[in-house]
Amino acid sequence: MSYRKDSDSVELGECTRNPGYKDADGDGPAARDNISVSDSEEKRDSIGVKRLSDARDEYTQIKPYAGMPKEVLVLYSSKARYRVPREILFWLTVCCTLALVAVTIAVIALSPKCLSWWQASPVYQIYPRSFKDSDGDGVGDLKGIKEKLDHFEYLNIKSIWISPFYRSPMKDFGYDVEDFRDIDPLFGTMKDFEELLATMHSKGLRLIMDFIPNHTSDRHRWFNLSRTRDPHYEDYYVWTDCKPDGPKPNNWVSIFGNSSWTYDEVRGQCYLHQFLKEQPDLNFRNPDVINEMIDIIHFWLDKGVDGFRMDAVKHMLEAPHMRDEPQVDPNKPPELVTTEWDLHSDYTTSQVGLHDILREFRAQMDIYSQEPGRYRFMVIESYDYEEVYKTMMYYGTKLEKEGDFPFNFYLLDLPQNTSGVWAKHLVHLWMGNMPKGKWPNWVVGNHDRTRISSSAGQLYVRAINMLLLTLPGTATTYYGEEIGMENINVTASQIQDPAGKYNTSASRDPQRSPLQWNANMNAGFNDKTNLTWLPLHPDYETVNVEAQMKDDGSVLAQYRFLNTLRQSELPLNRGWFCYVHDDANVFSYIRELDGLKRAFLIVVNFGKESAITDLSSVRELPDELKVLMSTNKANDGKVLPKSRIQTEVGEGLVIQYSTNTRFNPNHPEECYISEKACYLETIGILYKCQ
Ligand code: GLC
Ligand code: MG
């Protein structure tokens, strides 16, 4: 038997010695000679291979070579020069793996929570009638939205809330739902919706739907079954006895004005509607109604939607005793009590039990949130005006989750008194009342409210966008705010909104005009026919997306810059927020993160005069401050002494500076943070800190 190594032509015949062999221990031929292997001891097995025990000495005298048989390999591998390094390597691997596991566990344990998608990006509200019309009927639609998704990539916006597109008779433009599981043909088909959602997801965009639990359309199947007293549906709505021409059951009024009771001839009773008479209120004291709504939540979550904006929730329950509500002015003749402002809505809003229902909705959404990366978001609409604590209840409690946040509408009041002090007051209404550890948010416009550019004035538009994008928490952007779109004038004959038909000054049409994409026909909203459901703002030839994309000093360019900055800078997206200064003109605050030298000072002039702000007493600021961005582009890059920070009316400055001294430790009562995190600058990671 012989083993052959081709390249070296080392051939080993039976009992042949290999004179070239020198082993690791320095054994040479001499030593080898001492190993006596007698031919007589050689034994062969049946197939002619030498037995290992007998062959050991002989084979170890051969140089290792490629293709050596297992038996020979084993002889070599047990030698110290091979065994020791192998064992060292083995233990090294074990130790490294253990160390890696330990480091991973430590990093996970020490890392603060990552921001979720609804925290990391502004929420952009699309009013689908007005965003983009793809089929030329003058009303925007789902395909139109799909066509324009690049807009969000450009702006770096990831969260899109689309106002209702359910099947609806459109008495309240979709807030009167006829079928919660269908799409209105005006907006497209279910296939269009599915395509839109899939495309959005493929671009990393999230879709938030409107969810309207308080009421349905009077054309909803449930209402028809309820008015005909189908046993199952009889109590789906809020019914009470009344006479066709007799007095109303009580003094409750609709948000759109006049009594919230309407007599139904079919059933011979009155039903409650806190909005239009075509929007009967569901009866949430009936568990079947709650279950119906949960099924609808499942339906859309199964389709993959990323969250819900919960509409008009404070109206979901009413007091079962149905007593008159107290009048704000007790001396007002009852027949003149016709608006929500005339009554304390003690029995028609925020009733005990409301939060339990919303928490149940939340719990259902949480089941769907367990899938990694698929957190389902809930934002709640409730106008509680000065009753801030009522709004804050929608954040839930430590033990029970509810909304991720309720919309913060306080900044809508900014135009009442444009000043630094007022801006701070409104911001503080939220920051000072928000439960610890929760996430703030800011709204300056929506489909129900006058555009802030019109109520505050164009002069403040850039400053307001700067405020939204540099405050802590999630900004909401109502379509068009990114270019500073203004309200339109709508003549009485052009009124579309039912609220406006009741009271012209309450019309919400002015803030719902088509988005101004470019200077072409219909501002690019409808490029097929000459139809638009509401008139365009005449300024569209200059105020439009396309023109502003070309101008790096535009409202749009500044919005984009600030949003991108916010997302890339830890102090802005999750750092401390500290009040620094406020006066008749200026509101100023710091965003900083413990452990990070880089910090930001924001100085915004919301007043009526230009101002020079002296921040020399703020020791934590360096003496010279460099403007990273001004809403007045000419001031970008300016270096200002901290004793003389100049701002014009409506001008905002983002100042980036470097410091070793953080502001928050010295002024804890002026500072807020949702979840504390510190930065380890040497290796560039965030960790949990106390
Ligand atoms: C919400 C909507 C509003 C609608 C009302 C009734 O407040 O924002 O547009 O009219 O609910 O659904
Ligand atoms: Mg209700």
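Just so you know, residue 1 is the first one in the sequence shown, and it goes up from there. We count ligands from 1, going down the list as the structure has it; atoms in each ligand are counted the same way.
With contacts defined as side-chain heavy-atom distances shorter than 4.5 Å, the pair S345/H315 does not qualify.
Ionic pairing of K303 and E194 is present here: one or more N-O contacts between side-chain nitrogen and carboxylate oxygen are shorter than 4.0 angstrom.
With sequence neighbours excluded, the residues forming a side-chain hydrogen bond (donor to acceptor under 3.5 Å, both in side chains) with E292 are Y236, listed by chain and number. Residues passing the side chain to side chain contact (heavy atoms under 4.5 Å, CB included) test with L301, sequence neighbours excluded: I297, V305, F308, M365, Y368, R376.
Closest of all the heavy-atom pairs between P406 and Y394 is CB-CB, 3.8 Å.
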Present, as a list of atom pairs with distances to 0.1 Å, all nitrogen or oxygen contacts under 3.5 Å between ligand 1 and the protein.
{"residue": "ligand 1", "atom": "7 (O)", "partner": "E381", "partner atom": "OE1", "Å": "3.2"}
{"residue": "ligand 1", "atom": "7 (O)", "partner": "E381", "partner atom": "OE2", "Å": "2.9"}
{"residue": "ligand 1", "atom": "8 (O)", "partner": "R309", "partner atom": "NH2", "Å": "3.1"}
{"residue": "ligand 1", "atom": "8 (O)", "partner": "E381", "partner atom": "OE2", "Å": "3.4"}
{"residue": "ligand 1", "atom": "8 (O)", "partner": "H447", "partner atom": "NE2", "Å": "2.8"}
{"residue": "ligand 1", "atom": "8 (O)", "partner": "D448", "partner atom": "OD2", "Å": "2.4"}
{"residue": "ligand 1", "atom": "9 (O)", "partner": "H447", "partner atom": "NE2", "Å": "3.0"}
{"residue": "ligand 1", "atom": "9 (O)", "partner": "D448", "partner atom": "OD1", "Å": "2.7"}
{"residue": "ligand 1", "atom": "9 (O)", "partner": "D448", "partner atom": "OD2", "Å": "3.4"}
{"residue": "ligand 1", "atom": "9 (O)", "partner": "R508", "partner atom": "NH1", "Å": "3.1"}
{"residue": "ligand 1", "atom": "10 (O)", "partner": "D172", "partner atom": "OD1", "Å": "3.4"}
{"residue": "ligand 1", "atom": "10 (O)", "partner": "D172", "partner atom": "OD2", "Å": "2.5"}
{"residue": "ligand 1", "atom": "10 (O)", "partner": "R508", "partner atom": "NH1", "Å": "2.9"}
{"residue": "ligand 1", "atom": "11 (O)", "partner": "D311", "partner atom": "OD1", "Å": "2.8"}
{"residue": "ligand 1", "atom": "11 (O)", "partner": "D311", "partner atom": "OD2", "Å": "3.1"}
{"residue": "ligand 1", "atom": "12 (O)", "partner": "H215", "partner atom": "NE2", "Å": "2.9"}
{"residue": "ligand 1", "atom": "12 (O)", "partner": "D311", "partner atom": "OD2", "Å": "3.1"}

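Residue pairs meeting the disulfide bond (SG atoms under 2.5 Å apart) criterion with at least one partner in residues 248-324, sequence neighbours excluded, are C242-C270.
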